[in-house]
Amino acid sequence: MKSSISINYPNNELSLKQAIDELNREWHNFVCKNCASDLSSLYVSDGFYPYYTHQKIKILFIGKEALEVSGDYIEELFNAIKSGKIGNKTLNEHKFHALMLYVVYGLQHNYVDYKNIPYATEISKDFATPNGISYAFMNLSKFSNESGNWVSDDALIDSFLRISSMLPENYFAKEIEILNPDLIIGMNLNEDEKKDRYKFLGELKYPTHYGNKGQVCAQKLITRYREYNFIDCYHFSAPNKKWDEDYYSPIVTASKAILHM
């Protein structure tokens, strides 16, 4: 995917963009000094789309890793979303990105019923404009998985976490603090009881489950800076999970409970 559509931030978000860019530069420089050069070339910066701070609810998604993305995740995916095509799939077919658009649209539009949400390609027309939705996105690992396989590269993720844990301060918590979200949605980054990847962000406390099968867990994420509303759910690419029942509806229920207490 090559950049072809200009991404433009409003004047009142330029300082925030500069802060995120500076954090990514520092992070990348540290990675370059502390890992093999072939790994440092995989670094992918992230952050937020234009008009994120103009939203009624500032939402930050946290994913595992970028898949075959080079340089700047936000710019590449902005172009893909606006063009309505991601890789060899249409935006509507691409569950990971379409579902994020649906969730954000629903939460910004008074928790509209799932059946009344427009198609992703329709939402994308006004995405990241004054009239549309926007959100922030960061990956737990900023190394791009270049394997061509959608299955996460655990060894690569763990290498990034190991290197980043040597930083003099917690840059994961720092990125969240800069973005200052009202709600964070994590995508099952622990995967199972054997992994504890959320510890790199901070401490999760006070879990409450929502959904007819407890698909979503609302918690508080406590970092060195402050605490945040946090929802953990299935990864948005997980197979055999229903878009409404397993994601949208329980996320809406949890959001209503924790954002309007």
Using a strict 4.0 Å threshold on nitrogen-to-oxygen distance, state whether Arg197 and Asp154 make a salt bridge. yes
Taking the six-membered ring for Trp, are Phe61 and Phe236 closer than 6.0 Å centroid to centroid? yes
Is Lys205 salt-bridged to Glu227, cutoff N-O under 4.0 Å? no
Hydrogens and angles aside, do Asn212 and Glu245 bring a side-chain donor and acceptor to less than 3.5 Å of each other? yes
Does Lys58 reach the main-chain N or O of Tyr135 with its side chain, forming a donor-acceptor pair under 3.5 Å? no
Does any donor atom in the side chain of Tyr198 or Asp232 lie under 3.5 Å from an acceptor atom in the other side chain? yes
So, is the end of the Lys220 side chain (NZ or CZ) under 6.0 Å from the ring centre of Tyr206 and within 45° of the ring's axis? no
What are the two closest heavy atoms between His97 and Leu91, and how far apart are they? CB-CD1, 4.1 Å
So, are Arg25 and Glu22 salt-bridged, with charged N and O less than 4.0 Å apart? yes
Do the numbers put Lys33 on top of the ring of Phe30, so that NZ or CZ is under 6.0 Å from the six-membered ring centre and no more than 45° off the axis? no
Taking all non-hydrogen atoms of both residues, which atom of Asn92 and which atom of Ala98 are closest, and how far apart? O-CB, 4.2 Å
Does Lys17 come within less than 4.0 Å of Asp21, counting only side-chain N to carboxylate O? yes
